Amino acid sequence: MWRFTVLRVLQAIPVILTVITLTFFLIRAAPGGPFSSEKAVSPQVQAALEARYRLDQPILQQYFSYLADLAHGDLGPTFRYPGRTVDELILDGLPITAELGFYALMIALVLGVTAGVVASLKPNTLQDYVPMGAAMVGICMPSFLLGPLLVLVFGIWLQWLPVSGWGSTPGDKLLPSITLGAMYAGYIARLSRAGMLEVLSQDYLRTARAKGLPEYVVILKHALRGGLLPVVSYLGPAFAYLLSGSFVVETIFQIPGLGRFYIQAAFNRDYTMILGTTVFLATLIVVFNLLSDIAATWLNPRLRYQYKQ
Amino acid sequence: MTTADLQVIPRGVSLWQDAWTRLRKNKLAMAGLVFLLLITLLCLLTPWLVAYGYEQQDLRLGAVPPSADHWLGTDTFGRDQLTRILYGGRMSLAVGFIATAVALLIGVTYGAIAGYAGGRIDNAMMRLVDMLYALPFMIFIILLMVVFGRNLLLLFLAIGAVEWLTMARIVRGQILSLRQQEFVEAAVSLGLGPVAIVWRHLIPNALGPVIVYTTLTIPNVMLLEALLSFLGLGVQAPAASWGLLISSGVETMEEYPWLLIFPGLTLTLSLFALNFLGDGLRDALDPRTAKD
Amino acid sequence: MALLDVTDLKVHFHTRNGVVPAVDGISFQVEAGKTLAIIGESGSGKSVACYSLVGLIPKPPGRIEDGRALFEGQDLLTLSEAQLRKVRGKGISIIFQDPMTSLNPYMTIGEQLIEPLQLHFSMSRRDAWQKGIKTLEEVGIQNAERRMHAYPFEFSGGMRQRVVIAMALVAEPQLIIADEPTTALDVTVQAQILKLLRDLQQRRNIGVIFISHDLSVVADIADDICVMQHGRFVEQGERMAIFQTPQHEYTRKLLAAVPAAAKRPASYTPEPLITITDLYTQFCGNRGGPAVKALDGISLQINRHEILGLVGESGSGKSTLGRSILRLLQPCSGSIRFDGRELVHLSAAELKPLRRRMQMIFQDPYSSLNPRMTVYDTLAEPLLLHGVVDRKGLDTAVFELMDAVGLARANVLRYPHEFSGGQRQRIAIGRAIGTKPEFIVADEPVSALDVTIQAQILDLLLDLVARFNLSMLFISHDLAVVRYLADRIVVMKAGKLVESGTTHDMFTSPQQSYTQALLAAIPGRVLRDLDDSPL
């Protein structure tokens, strides 16, 4: 099992390297230099700038120096925020995005698993249709529509909750978290319903009932373990989508998180910032995929046993 | 009974007919299908249906709520919203269908080759898919849009390139499990060549899940396009797409809520329809439910 | 006073298409220390009847319409769900058919084993664990203490079934319902499990209801037998009475379906059609794991007009041998000569003309037919491929094939899912004999079918072999079936040939201990003793 874990970690390294390389050269291949939108500057200034950002070196050398810096955790200086490094900006935004993502994931898990399990117990009845209908609404209502609608209703018309910000007014974390979590709640609900239905049709549940176990024990002790495994495997990819979802939510609610920095950097053509954030987020996503993969394997005794061999 | 009687013998019920019968009983899926056909037809015929152009402004008019002249109201430039939603639908649906077609083409080919070849080739091809899965594509698409500008063709390709991975996995899994079925072995032992086996025995049986997943991919793609347009990285004004309409609707939602609500409703309903149809198709085509 | 006394039990299923009387008024008693067997084919209602007693049928659509079931002085059918839970596992426990699926794969054996004890006796975890170990030892599991921590997939099929039995026994019930407990097992394992059940039952004085589709399995262990068809008992009574003087036509049909000794006169002169020398086939291990030797140096000969029975337990490599001969699997080394021609190194194109002469019939009639092709398409495909007939004669040829395998011509345009298992197997047989082959590999062609259907298909095969002068390699795990139609028998174990000889010799004087064990494990000794034919 440890071998599997180590192997899986080793597999992640080329992926991360691919991400870095791809991003680096994509950005270098972009038409128009990083300062092209700027007013004309004198050749001396231009040269000084290029030297500062190593743009005067051959591209391969730039690439390898970038990798060397990365190895020290140094993502370099930003183009648009003079005197600030990409590291600093990421560290500013990260805690906020992490907190938002955490709340959203909790909402998604609690609502999603509950809805999915409840629906699976009585398939094709009202108890199934209502939560699954809600899940479908969550999936079909994109965050960039749900967020503004929530703001419109609860922020502007009813004036119950603040319309933007993060941690400045009480209750301002609620709407962004719901907006971000809703879609994943929907997906998780569908996944857990499908997983539970699969398990509920298994013979071993009949065995559990034949022992005389009450129904809640049958469900909680025997069915949930297998039924929710797909949800665990989904957490990795969900995390990736959650991050990209946070771009939208942070834009809507004007939250100074990573996502907003990223979008701003994209519009400002702040290349070192884009590069740095992409590398950072991509690594994070790869790591979370890895974790959920390992967790799903650990939780499945059959796989655990296979890898022990 | 002689040869001539073959014409009068009733045909049996094929699995396709069987699935269609089941699908027809699914009210939600049928409603979805009808809605989709309707909206596709409307969008295709838009230029001949509406009285306004999609960029035709009427600045004196400004934004007005729904009225007899403008059924869904107008935006701040006085552009007719119904017109813009229908034109936006052309864009959103086009992205949905074309990008899905790209995904379908790559995914089916790749998955079928891997599944049919099996062994080491399959192993290597699927390792590559696993690796690509681990790449954060959403971020890459944003990056692409930033770096190469808002190129629509690129958008189709990029989205299609993300979505083919799952399709490849599904097709490969189907082909692999079908190859282990005894009727495929029977075909081999009859002496059938690989082309005939793929064409007569594998493809017809693998088609079901492909259809289902295709139906479920379209809404994903449309959502992605809408998201990019919302962030300002997709379709640009004065052209319209549902994501873009929602985005500009958000800016003025306090004063003119209809500019957010109608495009939002159209997008949500279309996604609903596609998802319900996909679910319905899955239930109808799933061999497990087909048995009883 | 009987342990369980059931009178006039009626269970109906209320479906959208109307009411289905799954159990339609049956009565029976089970005494302590005795075994009552309920025999019936799939869909006869035998499982529903037993499960409804302990409230394990889905309600709705199931509903108990009428009846009384006295157990320990209370009527089970009137108990509430909470009261029934106290009976389940403690008073009455169940052994299910498939040990592969009836244990929770996510929990250790120990955790599952102690559940009834903690539940019904509020035993402490430690005491329950100790008792669990003891029960595992009692059902014959080695290293019980360590095995408590193992997961189900770490056990073989037979061992799992022992675990399932331990789980049923652990709370010391008075009555056990055993639902086809050996159907999924190999014949030698089946014999062990049957013996174990018998021993435990006598030691603990337990009443047993033994549900089975197979008369020969219960023949040796049942005290009383009920024969069930369409939700009713068509006949019930003491074992020997049922066997010796069956009253109902259906019982007689079931008894007749138990394969007897060969009827086939061995009237051929040995002339080799296929000669296999030193054949090896192996499977590559997954992801670079070690290769598995499936065939380990097989040499044998199949004669013209001969039915060669190939017998072995699961994993012995018998299917691999059949598929290797037809080159559905590529052997590693060795030689297969078909009518003088070496097959092992032929290309697909070179093989094609030979494929017309050798065909295969598969085990599972559900997966061996393309679900999207009509009977016509399925039967016509090989005929056209090999140019057996031209387009003009195709319809007639297809109809004649259908006649030959006993399918009504009116069904020609139907799809496989519209047929029963037996009919599907007829379609598959029709496909195999269409090209007028000389040799057919039949891989467990009847093991997925109900017993009465099984007898029909076996007779059809015998008839076709005689009519078309076929040679056949008949692969089966079921010695009784092989004995019925094979001229010669080979026994395989772990990829090697153990023994071969004429059917008569193998059954009267087997030389190898493995063959002797296999023969001893064949259930239904009582039935064979009734039969006059010598063993």
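Please read all numbers here as calculations on a predicted model, not as lab measurements. To find a chain, count down the sequence lines: A is the first, B the second, and so on, and within it residues start at 1.
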Give me the one residue out of Leu105(A), Leu180(A), Leu258(A) that meets side chain to side chain contact (heavy atoms under 4.5 Å, CB included) with Leu100(A). Leu180(A)
Would you mind checking if Lys131(C) and Glu172(C) are paired as a salt bridge, meaning a charged N to carboxylate O distance below 4.0 Å? yes
Of all the residues in residues 100-115 of chain C, which have a heavy atom that comes within less than 4.5 Å of a heavy atom in chain A? Thr101(C), Ser102(C), Leu103(C), Asn104(C), Pro105(C), Tyr106(C), Met107(C), Glu111(C), Gln112(C), Glu115(C)
Using side chain to side chain contact (heavy atoms under 4.5 Å, CB included) as the criterion, point out the one residue from Leu174(A), Val249(A), Ile107(A) that pairs with Thr179(A). Val249(A)
Identify which of Lys86(C), Met167(C), Lys90(C) forms the greatest number of heavy-atom pairs closer than 4.5 Å to chain A. Met167(C)
Looking at chain C, which one of Lys221(A), His222(A), Gln202(A) has the largest number of heavy-atom pairs inside 4.5 Å, strictly under? His222(A)
When the ring planes of Tyr187(A) and Tyr184(A) are compared, do they come out parallel, tilted or perpendicular, using 30° and 60° as the limits? tilted
Glu180(C)/Lys46(C) salt bridge by N-O under 4.0 Å criterion: yes
Are any of the side-chain nitrogens in Arg193(A) or Asp128(A) under 4.0 Å away from the carboxylate oxygens of its partner? yes
Chain C interface, residue from Gly212(A), Gly226(A), Ala208(A) that has the most non-hydrogen pairs under 4.5 Å: Gly212(A)
Contacting moiety of Leu213(A), where chain C heavy atoms sit under 4.5 Å: both
Does the structure place the NZ or CZ of Arg147(C) under 6.0 Å from the centre of the six-membered ring of Phe155(C), at an angle of no more than 45° from the ring's axis? yes
What residue in Asp98(C), Leu56(C), Ile177(C), Ile94(C) has the most heavy-atom pairs under 4.5 Å with chain A? Leu56(C)
More than 12 heavy atoms of other groups within 6.0 Å of Gln142(C) CD: no
